[in-house]
2 protein chains.
Amino acid sequence: MTQTVVQQPTSKAALISVSLAHAENLCRANRARLTPIRRRVLETLHNSNRPLGAYDLAAALAPQGRRMAPITVYRALEFLIEQGLAHRLASLNAYVASSQANDGRGTAAFLICEACGSVSEVSSPELHDAVSNLHKSHSFSPRARLLELTGRCAHC
Amino acid sequence: MTQTVVQQPTSKAALISVSLAHAENLCRANRARLTPIRRRVLETLHNSNRPLGAYDLAAALAPQGRRMAPITVYRALEFLIEQGLAHRLASLNAYVASSQANDGRGTAAFLICEACGSVSEVSSPELHDAVSNLHKSHSFSPRARLLELTGRCAHC
DNA sequence: ACATATATGTTATATAGCTACATATTTAAA
DNA sequence: TTTAAATATGTAGCTATATAACATATATGT
């Protein structure tokens, strides 16, 4: 008889490499170029527990005491956001890697903990429909959606 | 027999003075001080068709060619936002007066037209519930909610 | 190999928001 | 009604965030 399998605690490193592989595939499919800089920005976002500012990234991507030109980071971020690989959190002026968990589940929202700084990307069909109905009822064609809740997470 | 009454096109000026009176009452009730500066910031927001940046306000509130110190505007905005009289639009770094129409109807969302710059504050019970359920299901206690849709309004 | 499109480098600047501290005004208590 | 405390505003300087403009390099398709 088959045992119930307890889910293995997949390592963070493994999760990240899956995400990066996914990014590679997605870009290939879109004929978009995931250049070394863009890839390093995405990787840095994935490696971080919390959202990073553009200048944080600029510092992280250059050697000791130096920093990458901000515009370079912004250009990479613009690309990643266009591809749906990253998000900008407007309430923090900071950026996060997209969670694959919410891929194609429609409208995503972000829960931002003021205490620990963690951010989780969440969604629900109900939310998606509510937002959908709302803009339709006002004959509004949305291009971008921004849903952020700031407060305290379950732990804090 | 009573005629159907066509709704009178209440003048914009009249609507604004109603809003300002409402603000006075609300502040009195809260023992909060709607000082001249704060009142003028709120009035300027009401008079504008579109969201205003803090520096726009600083220019509008000072005579010809001069400008009010930015910090003064930020302090007034902070007050107005705390009182629920104004909102910050994070995707524009700009501010709008609250519409009384959405008072106490729970979660408000903003529809921001990229073509004409207009913003409308909207809400629906459905949206409110969806947001509510979403954060509850993640044991998240929200302090602030940010819902902004950017796109094209019915006219544009 | 060439022309074109795309990406990056470099420098400077625009825009948004805040810190720190001094002064003034209001509020409530003595 | 003077005084003390809280609240609001003034002034100067600064930090953080984001973009413009233009030059150079690299990739892509013919």
Which other residues end up in the same hydrophobic cluster as B:Leu92, if Ile, Leu, Val, Met, Phe, Trp and Tyr are linked when side-chain heavy atoms come under 4.5 Å apart? B:Leu89, B:Val96, B:Phe110, B:Ile112, B:Val119
Sorted by chain and number, sequence neighbours left out, salt bridge (charged side-chain N to carboxylate O under 4.0 Å, His left out) with B:Arg39 holds for B:Glu24
Using a cut-off of 4.0 Å between protein heavy atoms and nucleotide atoms, how would you tag nucleotides 13-30 of chain D 5' to 3' with B, S and -? ----BBB-------S---
What is the distance, to the nearest angstrom, from the CG atom on B:Asn30 to the C1' atom on C:dT27? 17 Å
Linking Ile, Leu, Val, Met, Phe, Trp and Tyr through side-chain heavy atoms less than 4.5 Å apart, which residues share a cluster with A:Leu26? none
Rounded off to whole Å, could you give me the CZ-to-C1' distance for the B:Arg66 and D:dA12 pair? 14 Å
How many whole angstroms separate atom CG of B:Leu61 from atom C1' of D:dT9? 14 Å
Give me each pair satisfying side-chain hydrogen bond (donor to acceptor under 3.5 Å, both in side chains) with a member in residues 134-148 of chain B, each pair once, sequence neighbours excluded. A:Glu114-B:Arg143, B:Ser91-B:Glu148
Would you work out how much the helix from C:dA1-D:dT30 to C:dA30-D:dT1 bends between its ends, with each end axis defined by five base pairs, to 10 degrees? 40°
Between C:dT19 (P) and B:Glu78 (CD): distance, integer Å: 10 Å
For A:Arg50, side chain to side chain contact (heavy atoms under 4.5 Å, CB included) partners two or more places apart: A:Ser48
Please name all residues satisfying side chain to side chain contact (heavy atoms under 4.5 Å, CB included) with B:Ala115, sequence neighbours left out, ordered by chain then number. B:Cys113, B:Arg152, B:Cys156
Name each donor-acceptor pair under 3.5 Å that joins a side chain in residues 64-83 of chain B to protein atoms two or more places apart or in another chain, with its distance.
| residue | atom | partner | partner atom | Å |
| --- | --- | --- | --- | --- |
| B:Gln83 | OE1 | B:Asn30 | ND2 | 2.9 |

Could you tell me the separation between the CD atom of B:Gln83 and the P atom of D:dT7, rounded to a whole number of Å? 13 Å
With the side chain counted from C-beta on, respond yes when A:Leu52 and A:Leu45 share a heavy-atom pair under 4.5 Å apart, and no when they do not. yes
Nearest-Å distance, CG (B:Leu52) to P (C:dA16)? 11 Å
What is the distance, rounded to the nearest whole Å, between atom CE of B:Met68 and atom C1' of C:dA16? 17 Å
